[in-house]
Amino acid sequence: MGITGMISMITMVFSLLVLILSSSTVGFDYFQFTQQYQPAVCNFNPTPCKDPTDKLFTVHGLWPSNNVGGDPESCKIRNHRTRAKALEPQLEIIWPNVLDRTNHTAFWRRQWIKHGTCGYPTIQNENDYFETVVKMYITEKQNVSKILSNAKIEPDGIKRTLADLEIAIRSGTDNKKPKFKCQKKRRVTELVEVTLCSDKNRAHFIDCPNPFQPGSPYLCPTNNILY
Ligand SMILES: *[C@@H]1O[C@H](CO)[C@@H](O)[C@H](O)[C@H]1NC(C)=O
Ligand SMILES: *[C@@H]1O[C@H](CO)[C@@H](O)[C@H](O)[C@H]1NC(C)=O
C-alpha cells in the first residue's frame, strides 16, 4: 500500500469513528419536564390511590424527547453513579409515587431506566438525573403549582379555560408554550399534567413541539377544565 492509500485508509477509519461517536451521543432533541396533579392522577387511575393526595403538581418525569418519531427509551447506562441517598428527602416531596407512597423508589427507578438513561450527555448518570430534577423544581422554580399560583390560579376545583392556564404557565416560562394533558370522566374534564419543555442542554425553555392531537383522549378542551 502506497502512502496515499495509507492516508485515505486512515481518513476512512477516522471518519467512521467520528460517525459512530456522534451518532451514539445525538439521541434526542429536547426535554419534557412533566408534572402531574396528584388528585387528578388518583381520580383517573384504574385502582384508587391508597393514601391521601396533596393538591400539588409533583414530578412525573424528565423525559428526553424527539421532535419527530418516537422518544428514546431505556438507553445504555454509560456512567454508573447511583442516586445519592441524601437526595431522597427532597425527592419524596417533589417526586412522590402518588400511586403507592410506600414505594417511591420503584417509581424513581422506572423513570431513570426508561427515560433518564437517554439524556446523555446532558444527564451524565443516575445521580445527575435526580439532582437535575431537584434543581429544576426547586432552585429554578419550575414548580407548576407555584407558577399557576403566581398567576392567581389556585387548586380550588374551579372550571378554567385553556387560555387562562396557558397564559399563567407562559408567564413563568419565558412565554413558551407548555403541553397540557386532560382526562374526562362522567362529563367532567380535569387537568392532569403540565409539561414544560426545554432545549437539549436545558439552557432555556422552548415551545413544546408535540401537543396532544385532536382525537386524543388527553387533548384539553378550550374551556371547562377542572383545577
Ligand atoms: C417496590 O416495587 C418494586 C417494583 O414494583 C418491587 O420489586 C419491590 O419489591 C417494592 N418494594 C417494596 C418495599 O414494596
Ligand atoms: C410548590 O408550589 C406550591 C404552591 O405554591 C407550594 O405549596 C409547594 O410547597 C412548592 N413545593 C416546593 C418543593 O417548593
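Treat the numbers as computed from the prediction; the structure is a model and nothing was measured. Only this structure's heavy atoms are used, side chains among them; waters, hydrogens and symmetry mates stay out. Indexing begins at 1, ligand by ligand and atom by atom, following the structure's order. Positions are given from 1, in the same order as the sequence printed here.
The aromatic rings of Tyr37 and Phe57 sit tilted, their planes meeting at an angle between 30° and 60°. The aromatic rings of Phe107 and Trp95 sit perpendicular, their planes meeting at an angle over 60°, well past the 30° parallel limit.
Within the listing of ligand 2, atoms 1 (C), 2 (O), 3 (C), 8 (C), 10 (C), 11 (N), 12 (C), 14 (O) sit less than 4.0 angstrom from a heavy atom of Asn143. Atom numbering of ligand 2 starts at 1 in the shown order; those under 4.0 Å from a heavy atom of Tyr137 are 1 (C), 11 (N), 12 (C), 13 (C). Atoms of ligand 2 found under 4.0 Å from any heavy atom of Leu56 (numbered from 1 in listed order, with element): 3 (C), 7 (O). Taking every non-hydrogen atom of Ile94 and a distance limit under 4.0 Å, the qualifying atoms of ligand 2 come out as 13 (C).
For Asp199 (side chain) and Asn201 (main-chain N/O), a donor-acceptor pair under 3.5 Å exists by modelled atom type.
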Below 3.5 Å only, please: the N or O atoms of ligand 1 paired with protein N or O atoms, distance on each line.
unit_1, atom_1, unit_2, atom_2, d
ligand 1, 2 (O), Asn103, ND2, 2.3
ligand 1, 11 (N), Asn103, ND2, 2.9
ligand 1, 14 (O), Asn103, ND2, 3.4

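The side-chain heavy atoms of Phe33 and Thr195, taken from C-beta on, include no pair separated by under 4.5 Å.
Other residues, nucleotides and ligands contribute over 12 non-hydrogen atoms within 6.0 Å of the NZ atom of Lys176.
Pairs passing the salt bridge (Lys or Arg N to Asp or Glu O under 4.0 Å) check and including a residue from residues 84-97, sequence neighbours excluded, read Arg83-Glu88, Lys85-Glu88. For residues 183-196, no residue pair satisfies the salt bridge (Lys or Arg N to Asp or Glu O under 4.0 Å) rule, not counting sequence neighbours.
Contact analysis leaves Phe57 out of contact with ligand 2, as no non-hydrogen atom separation drops below 4.0 angstrom.
Contacts of Lys152 classified as salt bridge (Lys or Arg N to Asp or Glu O under 4.0 Å), with partners at least two apart in sequence or in another chain: none.
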